[in-house]
Amino acid sequence: MFPLPHVILSTIFCIILYPFIGNNAFIIWSASIFIDIDHYFWYIINKKSWNLVDAYKKHMKKELNGQYKFHIFHLVELLILIGLLSFYNKIFFYIFIGMLFHYIIDWIDLFIRYNKVKKGRTWSLLMYIKRKWNT
């Protein structure tokens, strides 16, 4: 999903949550938006460029589709780790909710657009290792 729909949906979600959790809604909003920084990290590592504008343009034009991508903040293992840490610190709980919300709208978008999970997206470290092993 592109950045703007993430911002809009996350903002609506957090406005709904605000009366119940107050300023903690901002933590959820931040986690659900800034999780996508790993797309830029992937671009830096694989394209050997720090040009944020170019990375954004190529992402928006879908020029990077079809390539196996390792987005560290989109891994289910990280979500599980943050979920476990939430038992020890409340801030991790709000980060977990933000990340989970982001994952869910990504999954919905992929199923609506492609009627399946997109080939290039790696949801798990184990999936990534398996793909690398088989290529």
Side-chain angles (χ1 to χ4, degrees):
M1 178 177 285
F2 293 123
L4 185 59
H6 271 299
V7 171
I8 292 168
L9 292 171
S10 295
T11 301
I12 292 168
F13 181 59
C14 290
I15 287 170
I16 292 167
L17 291 178
Y18 185 81
F20 305 103
I21 61 172
N23 290 336
N24 291 317
F26 183 71
I27 298 170
I28 294 172
W29 183 86
S30 298
S32 67
I33 300 300
F34 294 115
I35 185 175
D36 275 337
I37 192 73
D38 60 4
H39 292 267
Y40 180 54
F41 293 159
W42 179 89
Y43 182 84
I44 291 169
I45 292 166
N46 288 280
K47 300 301 177 185
K48 310 290 189 265
S49 171
W50 288 80
N51 189 332
L52 178 61
V53 174
D54 188 50
Y56 180 77
K57 285 179 182 177
K58 286 185 178 184
H59 178 72
M60 294 303 286
K61 290 180 183 176
K62 300 182 182 180
E63 291 179 23
L64 305 175
N65 284 0
Q67 300 176 30
Y68 285 128
K69 298 175 182 85
F70 183 75
H71 296 138
I72 193 160
F73 298 138
H74 285 76
L75 298 178
V76 173
E77 292 89 351
L78 181 63
L79 183 66
I80 292 168
L81 176 63
I82 298 294
L84 291 172
L85 290 172
S86 71
F87 287 105
Y88 299 101
N89 189 315
K90 201 176 195 180
I91 291 173
F92 284 109
F93 176 71
Y94 296 120
I95 293 170
F96 174 79
I97 297 299
M99 289 177 65
L100 183 62
F101 181 74
H102 183 98
Y103 283 33
I104 289 169
I105 59 177
D106 269 357
W107 291 333
I108 290 170
D109 178 58
L110 290 173
F111 278 106
I112 288 172
R113 264 199 288 163
Y114 302 103
N115 201 23
K116 63 182 180 206
V117 175
K118 200 168 152 187
K119 181 180 178 184
R121 175 59 62 98
T122 302
W123 297 102
S124 165
L125 181 60
L126 297 175
M127 177 192 296
Y128 180 76
I129 291 169
K130 181 182 176 203
R131 284 180 177 173
K132 285 301 218 182
W133 186 268
N134 290 332
T135 56

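Keep in mind that the numbers below use all heavy atoms, side chains included, and drop hydrogens, waters and symmetry copies.
Proximity of Phe101 to Ile28: side-chain heavy atoms (C-beta onward) are nowhere separated by under 4.5 Å. Inter-residue side-chain proximity for Ile21 and Ile27 is flagged as unmet; no heavy-atom pair is nearer than 4.5 Å.
Closest approach of Ile82 to Phe92, counting heavy atoms only: CG2-O, 3.5 Å. Minimum heavy-atom separation, Tyr103 to Phe73: OH-O, 3.1 Å. Between Cys14 and Ala25, the shortest heavy-atom contact is SG-O, 3.3 Å. For the residue pair Val7 and Ile33, the shortest heavy atom distance occurs at CA-CD1, 3.4 Å. Looking at every heavy atom in both residues, Ile35 comes nearest to Ser32 through CG2-O, 3.5 Å.
Cluster annotation: Leu17 and Ile15 are assigned to distinct hydrophobic clusters (Ile/Leu/Val/Met/Phe/Trp/Tyr, side-chain heavy-atom contacts under 4.5 Å, transitive). No chain of hydrophobic side-chain contacts below 4.5 Å, direct or via other Ile, Leu, Val, Met, Phe, Trp or Tyr residues, connects Ile16 to Phe93. One hydrophobic cluster, built from ILVMFWY side chains closer than 4.5 Å, cannot hold both Phe26 and Ile8; they sit in different ones. Put simply, Phe96 and Leu81 are part of the same group of oily side chains (I, L, V, M, F, W, Y) that touch within less than 4.5 Å, one to the next.
Atom CD1 of Ile91 sits in a sparse spot, with 12 or fewer heavy atoms from other residues, nucleotides or ligands closer than 6.0 Å. The environment of Asn89 atom CG is dense: over 12 non-hydrogen atoms of other residues, nucleotides or ligands sit within 6.0 angstrom.
Atom CG in Asp36 sits 6.5 Å away from atom CG in Asp106 (nearest 0.5 Å). Atom CD1 of residue Ile72 and atom CD1 of residue Ile45 lie 8.5 Å apart, to the nearest 0.5 angstrom. Atoms CG and CG, from Leu78 and Asp38 in turn, are 9.0 Å apart once rounded to the nearest 0.5 Å.
The aromatic rings of His102 and His74 lie perpendicular to each other, with more than 60° between the two planes, well past the 30° mark. By the 30° and 60° cut-offs, the orientation of the rings of Phe34 relative to Trp29 is perpendicular.
For the pair Tyr94 (side chain) and Ala31 (backbone), a donor-acceptor distance under 3.5 Å is absent. Asp109 places no side-chain N or O within 3.5 Å of a backbone atom of Ile105 that could act as its donor or acceptor partner.
Judged by distance alone, the side chains of Asp54 and Tyr43 do bring a donor and an acceptor atom under 3.5 Å apart.
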Exercise. Decide yes or no on side-chain contact (heavy atoms from CB on, under 4.5 Å) for Phe13 and Ile97, but give the supporting numbers first.
Key: CA-CA 11 Å; Phe13 181 59; Ile97 297 299; 4.0 Å; yes
